[in-house]
Structure formats: C-alpha cells, structure tokens
Amino acid sequence: MVRDPGDMSSGQGSGEWEGRERNAGPAPLRRAVGVLEDHPPPGPFRPAFWRSPLRGPWLTAVFALVLLVGITVVFLTGLVSYAAYNPDLPGNDTKPDKGLLGFYLFAWPTRPVWLYRLNQGVHVTLGLVLIPVLLGKLWSVLPKLFTWPPLRSPAQALERVSLLLLVGGALFTFVTGVLNTQYWYVFPGSFYTLHFYGAWVFMAAFALHVGLKFGRMRQALRSRRLRDELRTDTAATVPEPPDPDGLVSPAPDRPSMSRRGALGLVGAGALTMLAVTVGQSIGGPLRKTALLAPRGQDPGPGPNGFQVNKTAAAAGVEPQQTGDGWRLELSGGAGARSLSREDLLGMPQHTAHLPIACVEGWSTANQAWTGVRLRDLAGLAGVPEASSVFVESLEEGGAFGQARLRGNQVADGDSLLALRVNGADLSLDHGYPARVIVPANPGVHNTKWVTRMTFQA
Ligand SMILES: Nc1nc2c(c(=O)[nH]1)N[C@H]1C(S)=C(S)[C@@H](COP(=O)(O)O)O[C@H]1N2
Ligand SMILES: [Mo]
C-alpha cells in the first residue's frame, strides 16, 4: 500500500492512484461508487466548501515535520518515565492486562540526580508546546476528514480507520495528559492506565501514518523554500498547485493571511505554552511564571517553603499519628525492629541535595535533605545487600501510600529516609516524621509519612 511518492507526477486531478482504486471491483459496485462520487451531500463533503488558500501539502508538511520530531521525543520520554517506576517490581505497576506492553527497559539509575526531572520536564513541557502545532496540522488536513464517498474500497476503509485511531489517539493522549497536569480527574478510571494505553494506540497509528506519508512529506517540503515563504506577505500569497491529496482548495478565497502569518500564529501559540509552563520544571523564582501550573504559586517562606503535592490533611494523615507514638517498623531477614524518631536521629545522619520531580512536570530546585541512609536501614534490618524495599505510608489506600524501590536505589549513598530538610524538621505536609528521598526517583515514589519498610534479600 505504500505508494512511491515519485509516481505522484504521473497522475492528474484526483490522481492515478485513486483512479485505479475507483475502477477496481465488480461493475455494479463501481457504478454505485461513481454515482455517490458525483453526488456529494452539501456542505463539507464538497471540496469547494474548503476555501482557505493556505491549505496545501507544503504547509501540512511543515507542521508534520515538527510533530514527527516532537511527538517522537514525547513518546520516548513517556517510555522512559514508565521505566523510572521500576514497573517490573511487584506492586509498582498495577495496570491490568498490560501483557507485552508492560516490558521495562532497564533498572532505573540514581544518577544524574536530575535525570527524572529533565525527562519529565521535557515530556510535559514539549507535549504542551506541541498542542498549537497539532491543532494547526489538524486544521490543515480538515477536508480529508470529509472525503466523499466515505467508504470507497476496503483499502480506503482501512486507511480511514487508521486515521480515526490517529486523530482520536492524539486527542485522547493529549487531553488526558493536560487534564492530569491540571489535577482535573474527569475521566473514568486511572489516568495512568488511560494515558498508557491511549499512547500505544496513538503511537501504532502514528507509525503507520508516518510510514505511509513520509515520502510525500519530504517531497512537499522540497516543493517550496521556508525562507521564501517567510518573505511572502498576504498580498503576494497564492495557493499551492493542485495536489493529489486534495488539500489545495479547488475554489480558493482571497488570502486574509500569509503562510508566514499562519506559521507565526502557531509558533506564537507554542512559545506562549512554553513561557507559561517551563517555570514549573525550573523552580525557584521562575516558578511564578508557570501560570498554567496548578497548586499554589506561593509555597510560603522558610526551610519547608517549597511545593507540596498533597497536604497531610488531604492525605487523611492525622497529627496524633505522627506524634510521640509514631514508630518506623523495619523488617527483613533478621526479624523486625521498631524505631522512634529519636532512635533514627541517633543514627549516622547524611545530607543530600536533591530535587523533587513530579510526573506532572513540576519540580523543585535541589533541597538539602538530612536523614538516615536507606542502606544503613537495610543493614539494621539484616539485609545489607537488599534487592528491593517495600515502603508503606501512614496514608491508607490509593496509589500514593506505597512504593517499591530497587536494590540500586537502596544502595546509593544519597538515598535517605529524610527527617529534616534545609536545616529544619520536615513539615507535616512534606512528610513528617520521615519520608523517602532518592536521587532521580519519580516524585511519587518518594513516599511521605513512612511507617513501614520491608527489605528483601
Ligand atoms: N504518602 C504519600 N507520599 C507521597 C505523595 C502522597 O500523596 N502521599 N505524593 C507523592 C508525589 S506524587 C510527589 S510529586 C511527592 C511530592 O513531595 P512534596 O509534597 O514534599 O513536594 O511526594 C510523593 N509522596
Ligand atoms: Mo507527583
């Protein structure tokens, strides 16, 4: 089905390819298709309905190239983000029926400490920046969604199903992603599951689409020069020559905007998205510029004055649970230990400068965390070479109250059960009496209000 772009020149009008398709099949079917073709319903099914003189293969190809590069990066950072959860460890990935898609790539490293922060900043920020480009691309191919007759041949039917999965998958994946960064859980079920499967459907259709259209995109890009287009004003803007895909209007209006203007509009939209989100990944004073970031812009003053994801009250953690009666229950090979906060403060203390980086794209600058090394706790539990540790929170239920960390994360000297931050006791909202902080760990695995740690040999 892949058509050599080179043969495009041999067809004319709707193209040799479509002509061949139309003539396939038994005679009565051919006639029926012919009749339908000659009598499109009024409105968008008639090519002359689409009158913008800007639509054409070159403009579409420019958007397509940006999306090809951008969406590939967003997909890869999405996969890396998945790997960062150590989804192969029991309990970390509870999605049902993931089968082959549940593969993981590697044991997630702890260095460089900003690895997850960078990955997630790129994933979320680039995803948002691409939205105006995606809308521009969809606008540029809108007439194709109204092809008449809607079903002409089995091959065309297949192509249209793939387009449905492509457009539907793109909208679904982007919308669930945006809603999640806004903490707006209007979709049914878990964001994680929906975004994960939606992305795979989208990527399968995307790969097929790229395979089918790459040659045509390259050819279209060569048909004009960006530099010339950027010098052409509205008055001098003329439609592209008729194309076999029917993107160019057969009855173009006078231009009200140049191609330069259209690219500028989309580019300005993308830059605006960048400007109002990137601050949340950089943190510090720039966080105030992240107008699209949810949660308060002002985390308050003092050593604990950095962003809180979920407060103790929201997590249902009561002050009396975190008072003098609190104990850390340690277990592993050599039986159980129960430690008070005083006991933990009496152990060797270590300080590490680490960020909190959330899957939703926001992160804090490095904070100075102080507490007990996880590997010291592993030793105390009688499992010095632990292969993993299961961490549980006072917070009950939900995906946030527990996490399993791998042996390489336990072994890192900067992996802590933190008791203090920036020289002060942890605030209740940052996880007092004790929280996990591990370099390069996804924020959600830095469990707050820890109550139990179970080490495996
Ligand atoms: N028990 C518990 N731990 C938790 C959470 C939670 O909701 N409950 N949120 C996690 C998430 S998603 C992030 S990003 C970090 C945020 O830490 P902070 O609120 O101290 O900035 O804590 C993690 N630890
Ligand atoms: Mo998070």
(Q) With no hydrogens and no angle check, just 3.5 Å: does a side-chain donor-acceptor pair link N446 and N441? (A) yes
**Q.** Side chain proximity check, L76 to V73, heavy atoms < 4.5 angstrom
**A.** no
Review item, side-chain donor-acceptor pairs of residues 196-213, under 3.5 Å, at least two apart:
{"from": "Y197", "atom 1": "OH", "to": "P96", "atom 2": "O", "distance (Å)": "2.7"}
{"from": "Y197", "atom 1": "OH", "to": "D97", "atom 2": "O", "distance (Å)": "3.3"}
{"from": "Y197", "atom 1": "OH", "to": "K98", "atom 2": "N", "distance (Å)": "3.3"}

Q: Go through the structure and list residues passing side chain to side chain contact (heavy atoms under 4.5 Å, CB included) with A157, not counting sequence neighbours.
A: L151
Q) So which pairs with a foot in residues 42-62 pass salt bridge (charged side-chain N to carboxylate O under 4.0 Å, His left out), sequence neighbours left out? A) R51-D253
Q | Exercise: do Q456 and S388 side chains pair donor with acceptor under 3.5 Å | A | yes
Q: Can you tell me which residue pairs pass the salt bridge (charged side-chain N to carboxylate O under 4.0 Å, His left out) test with a partner in residues 110-127, sequence neighbours excluded?
A: R111-D412, R111-D414
Q. Do side-chain atoms of Q156 reach the backbone of R152 as a donor and acceptor pair under 3.5 angstrom?
A. yes
**Q.** Pairing of E329 and R452 as salt bridge, 4.0 angstrom limit
**A.** no
Q. With H445, which residues qualify under ring-ring contact (aromatic ring centres under 6.0 Å, His included), at least two apart?
A. Y85
Q) For Y82 and D93, what are the C-alpha separation, side-chain angles and deciding distance, and is it a side-chain hydrogen bond (donor to acceptor under 3.5 Å, both in side chains)? A) CA-CA 9 Å; Y82 179 62; D93 179 10; 2.6 Å; yes
Q. Does W362 reach the side chain of I356, with side-chain heavy atoms less than 4.5 Å apart?
A. yes
Q. Does V308 reach the side chain of T311, with side-chain heavy atoms less than 4.5 Å apart?
A. yes
(Q) With heavy-atom distances below 4.5 Å as the criterion, would you say the side chains of M453 and L328 are in contact? (A) yes
Q: State which residues pass ring-ring contact (aromatic ring centres under 6.0 Å, His included) with W369; sequence neighbours excluded, sorted by chain then number.
A: F306
**Q.** Donor-acceptor contact below 3.5 Å, side chain D429 vs main chain A312
**A.** yes
Q) D243 versus P57: any side-chain heavy-atom pair under 4.5 Å? A) yes
(Q) Holding to side chain to side chain contact (heavy atoms under 4.5 Å, CB included), I want the full list of residues that pass it with R227, two or more places apart in sequence or in another chain. (A) R225, R231
Q) Quick one: side chain to side chain contact (heavy atoms under 4.5 Å, CB included) partners of I282, sequence neighbours excluded? A) V278, L286
Q | Results of ring-ring contact (aromatic ring centres under 6.0 Å, His included) for F49 - residues two or more places apart only | A | none
Q: Test salt bridge (charged side-chain N to carboxylate O under 4.0 Å, His left out) on E229 and R260 and set out the steps.
A: CA-CA 6 Å; E229 292 302 324; R260 168 176 74 186; over 6 Å; no
Q: Keeping to residues at least two apart or across chains, list the salt bridge (charged side-chain N to carboxylate O under 4.0 Å, His left out) pairs with something in residues 395-411.
A: D88-R406, K310-E395
(Q) Does any part of the side chain of L67, heavy atoms only, come nearer than 4.5 Å to the side chain of L134, both counted from C-beta? (A) yes
(Q) As a test of understanding, state which of L115, V80, T125, V359 forms a side chain to side chain contact (heavy atoms under 4.5 Å, CB included) with Q120. (A) V359
Q: Go through the structure and list residues passing side chain to side chain contact (heavy atoms under 4.5 Å, CB included) with L221, not counting sequence neighbours.
A: A61, V62, L65, M217
Q. Going by the ring-ring contact (aromatic ring centres under 6.0 Å, His included) test, which pairs reach into residues 142-167, not counting sequence neighbours?
A. F45-F146, F45-W148, W50-F146
Q.
Using every non-hydrogen atom in the two residues, find where T60 and S140 come nearest and quote the distance to one decimal.
A. OG1-OG, 2.9 Å
Q: Have a look at L405 and tell me which of L374, N86, T447 forms a side chain to side chain contact (heavy atoms under 4.5 Å, CB included) with it.
A: L374
